[in-house]
Enquirer: 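Okay, handing you the structure first.
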Amino acid sequence: MRRKWSLIGISLILVSVFFWGGRETARQWLTVQAQHSAQQDLLNAIAEIRHALLRFYHLPYLLNNNPDVVALTLGDTSITDEVENTLSQLDKAANTKGWYILSDKGKVLASSVDGDYITSQDLDAIVRDVHALGEGTSMVRKTKGVSPFYYLSSPIFSELNIVGIVVVQLDLRLLTDQWLASSDIMLLQNPEGQFFLSSSDKFSADALNDGDIDIQTKVSSLWQGDTIRTWQLGRSRYFAQTIQLDDLKWQLSYLTPISSVERNAAAAGWSVAMLFLLLFLLGVISYQRHQKNLSQRRIQALIEESEQKLNQMINKTQVGLLLLDEKGQVVDINAMAISMFGFTGELTSKIKISQLIADRHSPIVLLFDQYKNVIEDININAQESIAKRHDGSTFPALVSLTAFPFHDRHFYLVTLLDITKRKKAEEALFEANTLLAQRVEERTEELHEAQAQLIESSKMAAMGRMSSAIAHELNQPLTGLRTLVTTNGVLFDRGEGEKILSNNLLIDKLIERMVDMTTQLKTFAYNKPDKLDAIALPPVLEEALRIYQQPLERVNVRIRLPENTPSILAEEQRLRQVLGNLISNACDAMANTTQPHLIISVAAEKSSVIVTLSDNGIGVEEEALETLFDPFTTTKKIGKGLGLGLSICANNMRDMEGGITARKNNHGGMDFELVFQLGKTKPDE
């Protein structure tokens, strides 16, 4: 069967070679013929293009010396209608797309068409070329989605000065009308390499310029040395002839389809291949008759060689193999098993499997000890057992057993794999894991100790900052108290009672300031409330604004509350304190603002209520926003606060299961956003 398939394979290869050779020879010859034909078609196309354009070249000169046209360019607009009538007649007679009379600056003075058929960019280019050359010019312009236009122009002179320009507009599609029914494609490009005309609807100039159609060019050589250029447009391939039209400054590409050449070449290749196949099959039939007798001897030789290779593989494998009969007696054994058990081949015929397995409870030993009948579909896979060598020593092994029927008898194949090294590796790995666990435990204990020291250090640092802030804030009023008490003693000796009363008022204010500071410290240390209630926001907000009515006298306060504002989950005292602190801070920030305003807006969402307080005060620096809610952080002067207000607000919002954020707004002030949960009363914990 293998020889048959080999023969078929060789036949296919040879058929392919002859097919390729015949096809390639035909393709080379047909390509040369197509190349010569395409070159002639290219020359014909060039001649037709030049002939088609030649009859239009003189048209602009019909009017450049016309008295009415010259008078119009010199400013006589009364003859505009007469000139346009002349242009329309010439347009129809010459089968053009438009005639234009331009000023020397490019302004359209008269035209044969209604509307702007000529763009300002085209006008600028025409004017620039005419003034640069001082004579008639030609130019092709292509805009996406629009037919390409060819402009012929000539200057209008008055006393050797250019006072105007005659422009004739042609539709270049007339050059490709005769190629529409042909499978050949003619492409024209301007000096910038842009396609402006294509005779194919499938491969339009716009599609080629936009890259919608991939253009791949390739240059190859034929056997006789001719150079062939091909283009691939999408999935279509063409022979390409390209030439530069120096007089027009255009590049003309003439494309001839390759498909017909490929089809004819393939037909020739198949003809050659079929002829060879017929001759080859006749030879194969004759050869098969001669080889029929030799095949049997070769098959026998292959069988013997295969048996030898199989025996070598069994004896050289690194796994011990034993073949047992129905009674568990060793019938055959490979070299690796002999080496494992340490005995010679003569002893194996008298040895049973139970003598080689030291474990009496091994499934393989129990199988032959307990079951006397033949067990057919037995399969014991990779059982760990203790194998026993001929000298009585043991070693760990993976033992497998599989039924192995052979020549109508039942045998069993046993495989043994010595796993002594693996066991040693497992013991070493266990010891390493134990040591690693011990080290991890010791390291964990060290980390706990280091963490405790770090926490203690953090506590001391926090206490230091707090003590420094409290001492810093209390030193000023204490110094003032000492000064005022000393002063009152002197005033008492002088009998100036009114000044003593005035100093006592100052003492009272300083004491009140110290009480406020200690109140802030006490508030900062408040515990989390036991429970939160559903609180109506508008009354609490109204009360907070009433408390700070005096500082808010000069502030434009605007409140934005939605209808049926939902209740929020909060603790009333903490809510008052949060709103009061934020309003107080806003008043302090707007102390020097010319037109201060405070906007408090409330927005209800699905599961939360958002309260935003926005002011136009002095704000804070960007880097200060990160530590704005940290304790003892303040931008106020000494004696104006401990820097606990915003920290207390953050703690209170967290205790009320809400949140607070701060950001700078567009007015230079601050926006504080409070997020509350909807007011569903929670049961006591």
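Each residue takes its place number in the sequence, starting with 1.
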Enquirer: Taking side chain to side chain contact (heavy atoms under 4.5 Å, CB included) as the definition, give me every residue that meets it alongside Gln241, ordered by chain and number, with sequence neighbours left out.
Expert: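 Counting only residues at least two positions away or on another chain, Gln241 forms a side chain to side chain contact (heavy atoms under 4.5 Å, CB included) with Gln35, Ala38, Gln39, Leu42, Tyr254.
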
Enquirer: If we ignore angles and hydrogens, is there a donor and acceptor under 3.5 Å between the side chains of Gln216 and Asp214?
Expert: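 Present: a donor and an acceptor within the cut-off.
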
Enquirer: If you measure from CG on Leu245 to CG on Leu53, what distance do you get to the nearest 0.5 Å?
Expert: 9.5 Å

Enquirer: Among Thr242, Thr230, Asp184, Leu233, find the one that has a side-chain contact (heavy atoms from CB on, under 4.5 Å) with Leu255.
Expert: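 Passing option: Leu233.
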
Enquirer: Consider only side-chain N and O atoms of Thr119 and Asp122, and report whether a donor and an acceptor are under 3.5 Å apart.
Expert: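 Distance-only check passes for Thr119 and Asp122.
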
Enquirer: Could you pull out the closest heavy-atom pair between Leu63 and Thr86, with the gap in Å?
Expert: CD2-CG2, 4.4 Å

Enquirer: Between Ile165, Val83, Thr73, which is the residue that forms a side-chain contact (heavy atoms from CB on, under 4.5 Å) with Leu109?
Expert: Thr73

Enquirer: Between the side chains of Asp91 and Ser112, does any donor sit under 3.5 Å from an acceptor?
Expert: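 Per modelled atom types, Asp91 and Ser112 side chains form a pair under 3.5 Å.
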
Enquirer: Looking only at the side chains, is there a donor atom on one of Ser138 and Tyr150 sitting less than 3.5 Å from an acceptor on the other?
Expert: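 Tyr150 and Ser138 do have a side-chain donor-acceptor pair below 3.5 Å.
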
Enquirer: Answer with yes or no after comparing the ring centroid distance for Trp250 and Phe196 against a 6.0 Å cut-off, counting only values under it.
Expert: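 Yes - the distance between ring centres of Trp250 and Phe196 falls below the 6.0 Å cut-off.
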
Enquirer: With no hydrogens and no angle check, just 3.5 Å: does a side-chain donor-acceptor pair link Thr137 and Ser153?
Expert: yes

Enquirer: Return the CG to CE distance between Leu582 and Met670, rounded to the nearest 0.5 Å.
Expert: 10.0 Å

Enquirer: With Asp76, which residues qualify under side-chain hydrogen bond (donor to acceptor under 3.5 Å, both in side chains), at least two apart?
Expert: Ser78

Enquirer: Check whether the side chains of Thr593 and Asn616 place a donor and an acceptor atom closer than 3.5 Å, and report yes or no.
Expert: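 No - no donor-acceptor pair under 3.5 Å links their side chains.
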
